[in-house]
Number of protein chains: 2
Amino acid sequence: MAATVLVVEDEPAIQELIAFNLKQTGHVALTATSAELADRMIKETMPDLILLDWMLPGMSGIEFARKLKADAFTKSIPLIMLTARGEEQDKVRGLETGADDYVTKPFSPRELSARIKAVLRRRAPQMTDDQVEVAGLALDPITHRVTGNGASVDLGPTEFRLLHFLMTHPERVHSRTQLLDNVWGNQVYVEERTVDVHIRRLRRALEPTQHDNLVQTVRGSGYRLSHRV
Amino acid sequence: MAATVLVVEDEPAIQELIAFNLKQTGHVALTATSAELADRMIKETMPDLILLDWMLPGMSGIEFARKLKADAFTKSIPLIMLTARGEEQDKVRGLETGADDYVTKPFSPRELSARIKAVLRRRAPQMTDDQVEVAGLALDPITHRVTGNGASVDLGPTEFRLLHFLMTHPERVHSRTQLLDNVWGNQVYVEERTVDVHIRRLRRALEPTQHDNLVQTVRGSGYRLSHRV
DNA sequence: ACGGATTGTCACCAAATGGTCACATTGCCT
DNA sequence: AGGCAATGTGACCATTTGGTGACAATCCGT
């Protein structure tokens, strides 16, 4: 999953190393050597993720992190702190400032990319190939297989995408328009009521394993996937 | 939450980009390429927010902004100005005319939507999708769920909107007219007394969890949501 | 090309919802 | 206490919304 990552790090060697690894894993790397520079770049590009070194010239990393999390516009950007080894108390303080994760130097490229992936996953869940599971209903995007309590469930392509979207965005109400945009793609024109029909087909397919009640109607708003009553 | 946003921008590419992103974030996008056209659309649709380009053919953006803020009908509509980069003095003048915020081009979709959300929250808290909680009564616009001390509360669409408005504007008395404007929308004509009936329905729905006394009658004025007796 | 699967629409139905009225109740003032 | 105005409340009916089966067009593998 391609993401734009801003690396705030003053040591050129480390900076390049990270940038290289980011590109290797399919991301776009932006770099800044100071908080001031980073600040400007954030406003311009609104990156999907920020990697922030603990120690920076001028404004310290922790100070900068606090500033980012205080600003309503940047607050929602995931933040990973890079700390020197063994500074355990720093980790604590880092998480207090609202960092989503931290990585201690030296780190392996694999570890870094794993953490990046984990943090990004929280943002765009349906983009990943991860298996999803809700109340005994499991969907595997890779094998394209759905099982209810182990028993296999047969779905058409549209119902599969619909269920995948719902399962990666559970509990949340989606209007018919949102579903059309996210499941059908936003360039095709189909009737809103068509969603109803596919919801119906999805429910029917889930009936054998009693999972049809996961797909809930919210009158006047849309549909929701939830295990709660 | 879903808001109707009017985009006044003469460059088709930018206009489309913005409209696309608005739809992505769940808003309804209207577009106008000139101040004259925008003027007509505003009268017709009364958008929740206006995005106004600085540079427009004919009447300039700043001139139009001033006009909007001088008119009693449009004065209260939040306004975000789109300015070219680095025109710092323009920002100042823009804010002087009553713009609520400004965004410098080029901007990222994320920044724009963050600012839109921030402006809407300031002007119309019930348009945002933040959770609200008052005295054990919780309402979540995203999942479209209401719980009283954890127990789920069942509401019809109108009662849900009514409660949402009251909870985002607590401790304040709202006349029937104000409630009609904010909950029903100000273009529909319904009897004032209809509000009473929906207040009644809302109270009944809140009875099971003893939250019905939050909805208070202020004789001669209207209704209020408050945890105080 | 054939046959099954898939998909978008439609028509029809049941249920939910919303607005209004009529009447009951409450509160406030003299 | 009496009377008036404001509000509460139940019922009714029209409208809206969503569920559902049927159907025709299209797609796709054989």
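The analysis underlying the following values was restricted to heavy atoms, covering all of them including side chains, and did not include hydrogens, waters or symmetry mates. In the text below, chain A, chain B and the rest are named by the order of the sequence lines, each starting its count at 1.
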Asker: Would you kindly give the CG-to-P distance between B:Asp196 and C:dG18, to the nearest whole Å?
Answerer: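 About 16 Å, once rounded to whole Å.
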Asker: Is a side-chain donor-acceptor pair under 3.5 Å present for B:Arg203 with B:Thr217?
Answerer: yes
Asker: OP1 or OP2 of D:dG19 versus the side-chain N and O atoms of A:Thr217: is any pair under 4.0 Å?
Answerer: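 Yes, within the criterion.
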Asker: Calculate the interatomic distance between B:Asp212 atom CG and D:dG8 atom C1'; express it in whole Å.
Answerer: 13 Å
Asker: Classify A:Glu159 by what it touches in the nucleic acid, base, sugar-phosphate, or nothing, heavy-atom distance under 4.0 Å.
Answerer: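 Answer is sugar-phosphate: A:Glu159 comes under 4.0 Å of backbone atoms only.
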Asker: To the nearest Å, give me how far apart CZ (A:Phe160) and C1' (C:dT7) are.
Answerer: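 Taking CZ of A:Phe160 and C1' of C:dT7, I get 18 Å after rounding.
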Asker: Consider the side chain of B:Thr194, meaning its heavy atoms from C-beta on, and name the nucleotide among C:dT7, D:dT9, C:dT20 that approaches it most closely.
Answerer: C:dT20
Asker: Does OP1 or OP2 of D:dG19 have a side-chain N or O of A:Tyr223 closer than 4.0 Å?
Answerer: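 Checking D:dG19 against A:Tyr223, a side-chain N or O does come within under 4.0 Å of OP1 or OP2.
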Asker: Under 4.0 Å, counting only non-hydrogen atoms across every strand here, what does B:Val218 touch: a base, just sugar-phosphate, or nothing?
Answerer: sugar-phosphate
Asker: On DNA chain D, check which nucleotide each of A:Ser221 and B:Arg204 is closest to and give me the residue with the more 5' one.
Answerer: B:Arg204
Asker: Grab the N/O contacts between the protein and nucleotides 23-29 of chain C below 3.5 Å, and write none if there aren't any.
Answerer:
{"from": "C:dT26", "atom 1": "O2", "to": "B:Arg219", "atom 2": "NH2", "distance (Å)": "3.1"}

Asker: Reckon B:Arg201 touches a base, only the sugar-phosphate, or nothing at all at heavy-atom distances under 4.0 Å?
Answerer: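 If one applies the 4.0 Å heavy-atom cut-off, B:Arg201 turns out to touch a base.
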Asker: Choose from D:dT9, C:dT20, C:dG8 the nucleotide whose nearest atom is closest to any side-chain atom of B:Glu191.
Answerer: C:dT20
Asker: Classify the angle between the aromatic ring planes of B:His198 and B:Trp184 as parallel (below 30°), tilted (30 to 60°) or perpendicular (above 60°).
Answerer: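 Rings of B:His198 and B:Trp184: perpendicular, as their planes differ by over 60°.
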